[in-house]
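Proteins come first, then strands; the chains are lettered A, B, ... in the order of their sequence lines, and each starts at number 1.
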Amino acid sequence: MSTLEIRDLHVSVETPEGAKQILRGVDLSVSSGQTHAIMGPNGSGKSTLAYSIAGHPKYEVTSGEVLLDGEDVLAMTVDERARAGLFLAMQYPVEVAGVTVSNFLRTAKTAIDGKAPALRQWVGDVRTAMENLRMDPVFAERNVNEGFSGGEKKRHEILQMELLSPKFAVLDETDSGLDVDALRVVSEGVNRVKSTTDVGVLLITHYTRILNYITPDFVHVFVDGRVAEQGGPELAERLEAEGYDRYLVGSN
Amino acid sequence: MSTTTTETTDNTGLSTDHSRAVADGAHTHGQGTVPEKSRGDRATSFALADFPLPTGREEDWRFSPVGRFQGLFGGVLTGVAPQVEITGDPAVTIERVGHDDPRLGAAGAPGDRLAATAWESFAEALVITVPSNHVMTGETLVTITGTDTPPAAQHILIVAESLSEGVVVLDHRGSAELAQTVEIQVEDGASLRVVSVQDWDAGAVHASSHRAVIGRDATLRHVVITLGGDVVRITPEAAFTAPGGEVEMNGLYFADAGQHQEHRLFVDHAVPNCRSRVTYKGALQGDGAHSVWIGDVLIRKEAEGTDTYELNRNLVLTDGARADSVPNLEIETGEIEGAGHASATGRFDDEQLFYLRSRGIPEAAARRLVVRGFFAEMISKIGVQSVQDRLLAAIDAELDIVMGQLIGTDDLDEADVIAAVESGVVK
């Protein structure tokens, strides 16, 4: 049983016009096995939260804490955070020329586990995970994210989540750019990891449609860098019907 | 630049007369200090006296640190050439011949001051011949070891006789100030791979003119790998003498602080239906690391059906390094299969680094993964396993210079991760 705690998190980002405050005091606590949906309009700070947890250098934490089982995540390097059990499925995964998916996955697995995986077991695990995500085996020999379609990139992110078995996974708009079939396949992947491990999930999304496939335990509505409202799955249904307008009016 | 074109040998069977280049009448020739309009107009000569001392303002010297070549600029060089040791297929003949051997000079005249210096200075040439119809087993390895003697010249001629297949590796080590010529003749229907590795110690100054002629339906695969030395300037030139020829010129370089690595290529399409591919990739790191890539391709009026593409990519890993890259494509006929070029110089991508590190991969291993990935396709083009292995080790050692302080300080045994990186990129 693990806990990811975010306390009064303030984050700014460097812009040509100077530092811009994005997160203005976020409090959030996620336990193993829970799924929290983070919803909100564009520009409300959802992705900033995701990248701040992962440690992207562009985002500066000006105050607050992120604790993983009491350990100070903000003091860790990007790769230390991943090895501590955090995973970020990115909205825009990066191409790495000349590095095959298979080599990348094995290198990451070795880094996360601190030792090379037993080869036979590993090859089988990769093959099964790829089959489950309806990925062609030749995919493994392609270069990381090079020439991938939007759907392939997202499947590849969830493939990593399955194989790296994080304690907590932050899924940053994993549903964006997916057609209905791809959305289902990717959602099934997330649900598989949820059912076979004790992963806690922070599901960041603008739209409610992915919540038809992945049922959240909690829904948090982000507005202007803060949690404006939170509740159970019924809150998502209300957003589906009403949109974000009432929060935006309220914040003006 | 002088426009004098001097023919000092009559045994070449090749003309250094470039009058054909004016056949289209669309351009004038350089006169006096006016630079030549076409790469094909550049004067070549076997006479050192025809090349004035470069000042650094000339087109073909403007990227070079002329001052660092002073040891080779003085005139005819008298130092002892680096030691040569040869191993490999016993069917390949190895000869040491005098300057007057009629086979020498057949691949064309020198195109710059240092190439002419190399031609006038060498006492004895090494001739490596793959006999007609012979298919080599393994490679002929020529180890050239500099012993820090006064500035010297060296001449090597590699001949692949008709319908032969072979691989010759020139491996430069130690330290030297060397003006060198490597002549390459690929006769009709032959297939030759030449790999030149510049793995000099610090202090080496190396100028080398590679001049290749490719016969009917012949193939040359030419690979240049430059890692060591202070100043290295290599000018590979390839000319087709009959239709159906193919040349693939690949290069890979890694420049560290203070190193100057220059590669100037010229592919001369003067006959129809030949194909050329030029691909050079380099990484740079550290203060004053400087790479220069010039890729000249000339498709003459006669060269219908030409298919050519040249590409240069540079990866700048740290501040303070500089990559110059100039592709030049001249096309004098529209009747070609294809002609293209591309050049790109990019910085190490922090988003790539973030992506890999967000998967737990420590920074040192992540950088290794990216740089190995950058070079991966080139490494597989080398075609000689021992050189590929050595190169991978050299790249890792280069990266360790910058990343050394990070190795072993992480909270895991990095050896396993690095082993995973190493086992995967090139198989």
Side-chain angles (χ1 to χ4, degrees), chain A residues 50-51 53-59 76-90 92-117 119 122 140-141 143-146 153 156-157 159-161 163-166 170 172, chain B residues 252 279 281 283 311 313-315 344 346 348-381 392 395 403 405-427:
Chain A
Y51 280 97
I53 293 170
H56 193 289
K58 194 174 115 188
Y59 300 91
M76 301 178 193
T77 64
V78 175
D79 43 292
E80 283 168 351
R81 295 178 195 205
R83 293 197 295 276
L86 298 179
F87 177 83
L88 170 62
M90 296 192 198
Y92 303 109
V94 183
E95 292 181 8
V96 189
V99 177
T100 61
V101 166
S102 124
N103 183 33
F104 167 63
L105 293 175
R106 194 160 33 112
T107 304
K109 184 66 175 173
T110 304
I112 296 281
D113 289 2
K115 62 180 185 350
L119 193 60
W122 173 247
E141 296 315 312
N143 291 333
V144 173
N145 290 319
E146 213 175 63
K153 284 182 183 169
H156 180 228
E157 294 294 288
L159 176 68
Q160 295 168 52
M161 177 184 168
L163 293 169
L164 300 179
S165 304
V170 182
D172 186 17
Chain B
L252 201 154
T279 313
K281 282 192 168 192
L311 174 132
R313 293 241 185 286
N314 296 294
L315 180 60
F348 191 88
D349 185 348
D350 290 338
E351 293 298 325
Q352 274 184 348
L353 194 60
F354 173 72
Y355 187 67
L356 296 171
R357 293 185 71 191
S358 78
R359 271 46 176 159
I361 301 169
E363 183 170 0
R367 282 183 177 269
R368 234 172 239 225
L369 204 54
V370 170
V371 174
R372 276 174 171 255
F374 174 75
F375 282 129
E377 84 172 291
M378 298 309 298
I379 290 170
S380 60
K381 282 181 179 175
L392 285 170
I395 290 170
M403 300 306 301
Q405 72 278 12
L406 286 163
I407 300 274
T409 60
D410 266 287
D411 57 345
L412 82 162
D413 179 5
E414 269 202 38
D416 270 0
V417 182
I418 283 169
V421 172
E422 291 177 353
S423 63
V425 173
V426 174
K427 286 192 194 114

task: Kindly write out the residues that satisfy salt bridge (Lys or Arg N to Asp or Glu O under 4.0 Å) with A/Arg81, not counting sequence neighbours, or none if the list is empty.
output: none

- line: So, the part of B/Glu377 with a heavy atom under 4.5 Å from chain A: the answer is neither

query: With sequence neighbours excluded, what pairs up with B/Asn314 under the side-chain hydrogen bond (donor to acceptor under 3.5 Å, both in side chains) test?
result: B/Tyr253, B/Asn312, B/Thr345

Near-ring test B/Tyr355/A/His56, centroid separation under 6.0 angstrom: no

message: Can you tell me which portion of A/Asn145 sits under 4.5 Å from chain B's heavy atoms? Options are side chain, backbone, both or neither.
response: side chain

- request: Using a 4.5 Å cut-off on heavy atoms from C-beta on, say whether the side chain of B/Phe354 contacts that of A/Val94.
  value: no

field: Among A/Pro166, A/Pro57, A/Ala108, A/Ala54, residue most engaged with chain B (heavy-atom pairs, under 4.5 Å)
entry: A/Ala108

query: Given that the side chain runs from C-beta out, which part of A/Pro93 has a heavy atom under 4.5 Å from chain B: side chain, backbone, both or neither?
result: both

